[in-house]
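In what follows, a structure is listed as structure tokens, so that the remarks can point back to it.
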Amino acid sequence: MAEPTSPAPSKENRAPGRSRQWWPEASPSYFGMVAAAFALRLGWILIAHTYKFKTVDDNFSFGFEMGRIGRSLALGQGFGNPFNGPTGPTAWEPPLYPFLIAGVFRWFGIYSPASAFILLGINSAFSALTCIPIVLIAKRCFSERVALWSGWLWAVLPPVMFWCTRWVWETSLAALLLAVIFWFALVLEEKDGCRPWLWLGLLWGVSALTNTSLLAFLPASGIWPWYRRSRRGKNSLGGVVLASVVFAACLAPWLVRNHQVFGKFVFVRSNFGAELRLGNGPGADGTWMQFLHPSQNIVQMQRYRELGELAYVGERKREAMAFIREDDARFAKISLTRFVYYWGGVPRSSEIPALAPFKNSIFLASSVLAFWGLGRALRQRRPGAGLFLWLILSYPTVYYFVFPHPRYRHPIEPELGVLMVYVVSEAQKKAGKTAEQTVH
């Protein structure tokens, strides 16, 4: 989407300068924001004892498949055994976070409370650091005021803290990486030399090895600065090639490992076919059919053992595709339902019956505010509005065809939060002007 050249920076809307200047842009007051965010998260972990995971099912809720792989690595059994018991090598999950878990397990004990505390603390650090790119994105695209409010709301809102204080998973790291990439794509049009492109390739390499779903935004993050730079008469071909080489170099060792282990090409992780089947098959209603997951279903676990990982995933993919092809209209209807659940909240059970619809109402309201903010940003032709649009169009798409989960929205919530704060600030401005006109 075409945009006008960004206006000259003002006190309220100052674009970051060269790459070495981004850190001063965020200092010094924003570091207090990060410190407060980290303290709140760490305090909640201690007060709510979220580091004490249930020990039923041999601690599976402590990291789920990633925890199992981390245990396997810590025991010297290699990157494998993602479920209950030994099943051999795996590519069920991307490698970076399981290796982090393994490192903590080796130092502080496998499935120990100390390991849980350390891992949740690391997640909390990732979440707290996300305040910095949030501030930089909002400051560049909107104003200092929007930047401060966006950063502080991320720092203190309880829903934002949920995943980093309760789940041993890569969710908070994914949100941080995507926010940094988003900011980088915004400012790359102003950068010269090879270093910015090198960093972009490295960031995407780390992201792919953390959460492959983030790759849906990769094309937009490259095309956007290329297009914006071309309007300034800058050549980007060399930079794009360099970023691509660095990205490929980051992935190469893991892809080689997968080929050596499985005897065929496996791009980072192997389990898409199985995930597709968990959302598409008899009884599909737009939600995750977790009762068919190998960790929850004895028959599926036995089938996984008998066939091996790749053959099992292939079988599940064929089942899902047969279901999809059987009735296109049904699949379209279920996919639309998944779209609604992704943005409005999935049906959920709760100990307090009235709490579930309340949570979903808040979830839906936040999505509506974000869409409203996006629409206004596009109408006002704000810098970067088109990149917000591409993020919202690209990242969630896969979940409309597989299944939604509240956790799957978290990686784009920093950007959604900025849009929410922007539209509220615009409404506040409009209300203030109306009040002034009434007085006069």
Side-chain angles (χ1 to χ4, degrees), residues 23 26 30-54 59-75 79 82 93-134 151 154-181 202-203 205-214 250 254 269 406-408 410-414:
W23 193 258
Y30 302 136
F31 292 135
M33 182 188 299
V34 173
F38 182 67
L40 284 171
R41 286 152 175 76
L42 209 61
W44 180 248
I45 292 169
L46 290 169
I47 292 170
H49 301 286
T50 61
Y51 59 90
K52 295 181 179 179
F53 285 94
K54 296 178 181 179
N59 298 287
F60 188 70
S61 64
F62 187 150
F64 304 98
E65 296 97 319
M66 290 196 182
R68 285 288 192 260
I69 297 170
R71 178 178 69 174
S72 179
L73 288 165
L75 292 173
F79 196 93
E93 299 294 346
L96 284 192
Y97 200 82
F99 273 104
L100 173 62
I101 293 175
V104 174
F105 278 177
R106 285 180 178 175
W107 280 96
F108 299 98
I110 295 173
Y111 289 135
S112 69
S115 289
F117 180 78
I118 295 297
L119 287 165
L120 292 176
I122 292 172
N123 287 350
S124 296
F126 292 146
S127 181
L129 286 169
T130 306
C131 291
I132 295 178
I134 286 174
W154 182 269
V156 304
L157 281 179
V160 174
M161 302 182 202
F162 180 85
W163 302 111
C164 66
T165 60
R166 291 187 175 273
W167 277 57
V168 176
W169 203 260
E170 41 71 15
T171 310
S172 296
L173 175 57
L176 172 61
L177 288 169
L178 191 57
V180 172
I181 288 170
L202 181 61
L203 282 167
V206 172
S207 298
L209 296 173
T210 300
N211 181 339
T212 52
S213 298
L214 301 181
C250 290
W254 186 246
R269 64 187 300 185
R407 178 171 58 85
Y408 296 161
H410 190 74
I412 61 172
E413 284 181 346

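- Within the 4.5 Å cutoff, side-chain heavy atoms of W169 are placed close to those of E93.
- Aromatic ring pairs are classed by plane angle as parallel below 30°, tilted from 30° to 60° and perpendicular above 60°; the pair W254 and F99 is perpendicular.
- Scanning all heavy atoms of the two residues, the minimum distance from L73 to F79 falls at CD2-N, 3.5 Å.
- Between atom NE2 of residue H410 and atom OG of residue S172 there is a gap of 4.5 Å, rounded to the nearest 0.5 Å.
- For the pair W167 and N123, the tightest heavy-atom approach, listed with the atom from each and the gap, is O-ND2, 3.0 Å.
- Heavy-atom minimum distance, E413 versus W154: C-CZ3, 3.9 Å.
- The shortest distance between side-chain heavy atoms of L178 and S207 does not fall below 4.5 Å.
- The 12-atom threshold is not exceeded at CH2 of W44, counting heavy atoms of other residues, nucleotides or ligands nearer than 6.0 Å.
- Shortest non-hydrogen contact noted between L120 and R166 is CD2-N, 3.9 Å.
- The two residues L214 and P411 make their nearest non-hydrogen contact at CD2-CB, 4.1 Å.
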- Message: Between V168 and Y97, does the side chain to side chain contact (heavy atoms under 4.5 Å, CB included) criterion hold? Intermediate values first, please.
- Response: CA-CA 9 Å; V168 176; Y97 200 82; 4.0 Å; yes
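- Side chains of N211 and P94 form no contact here, defined as non-hydrogen atoms less than 4.5 Å apart.
- Taking CG from L119 and OG from S124, the interatomic distance works out to 10.5 Å, rounded to the nearest 0.5 Å.
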- What do the steps show when you test V160 against R41 for side chain to side chain contact (heavy atoms under 4.5 Å, CB included), and what is the final call? CA-CA 10 Å; V160 174; R41 286 152 175 76; 3.5 Å; yes
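- Rounding to the nearest 0.5 Å places CZ of F62 at 10.5 Å from CD1 of I110.
- Between I69 and P82, the closest side-chain pair of non-hydrogen atoms falls below 4.5 Å.
- Of the inter-residue distances, the one linking I47 atom CD1 with T165 atom OG1 reads 11.5 Å to the nearest 0.5 angstrom.
- In this structure the side chain of L46 reaches within 4.5 angstrom of the side chain of F117, judged on heavy atoms.
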- Walk me through it: do F126 and T171 pass the test side chain to side chain contact (heavy atoms under 4.5 Å, CB included)? CA-CA 9 Å; F126 292 146; T171 310; over 6 Å; no
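- In this structure, CZ in R106 is found 9.0 Å from CG in L75, a value given to the nearest 0.5 Å.
- Of all heavy-atom pairs between L96 and V206, the closest is CD1-O, 3.6 Å.
- Take S112 and apply the side chain to side chain donor-acceptor pair (under 3.5 Å) test, not counting sequence neighbours, and it matches S115.
- Looking only at side-chain heavy atoms (C-beta outward), I118 and Y51 stay at 4.5 Å or farther from each other.
- Proximity of S127 to W163: side-chain heavy atoms (C-beta onward) are nowhere separated by under 4.5 Å.
- A side-chain contact (heavy atoms from CB on, under 4.5 Å) with P98 holds for exactly one of R71, R68, E170, M66; it is M66.
- The closest side-chain heavy-atom distance from E65 to F60 is below 4.5 Å.
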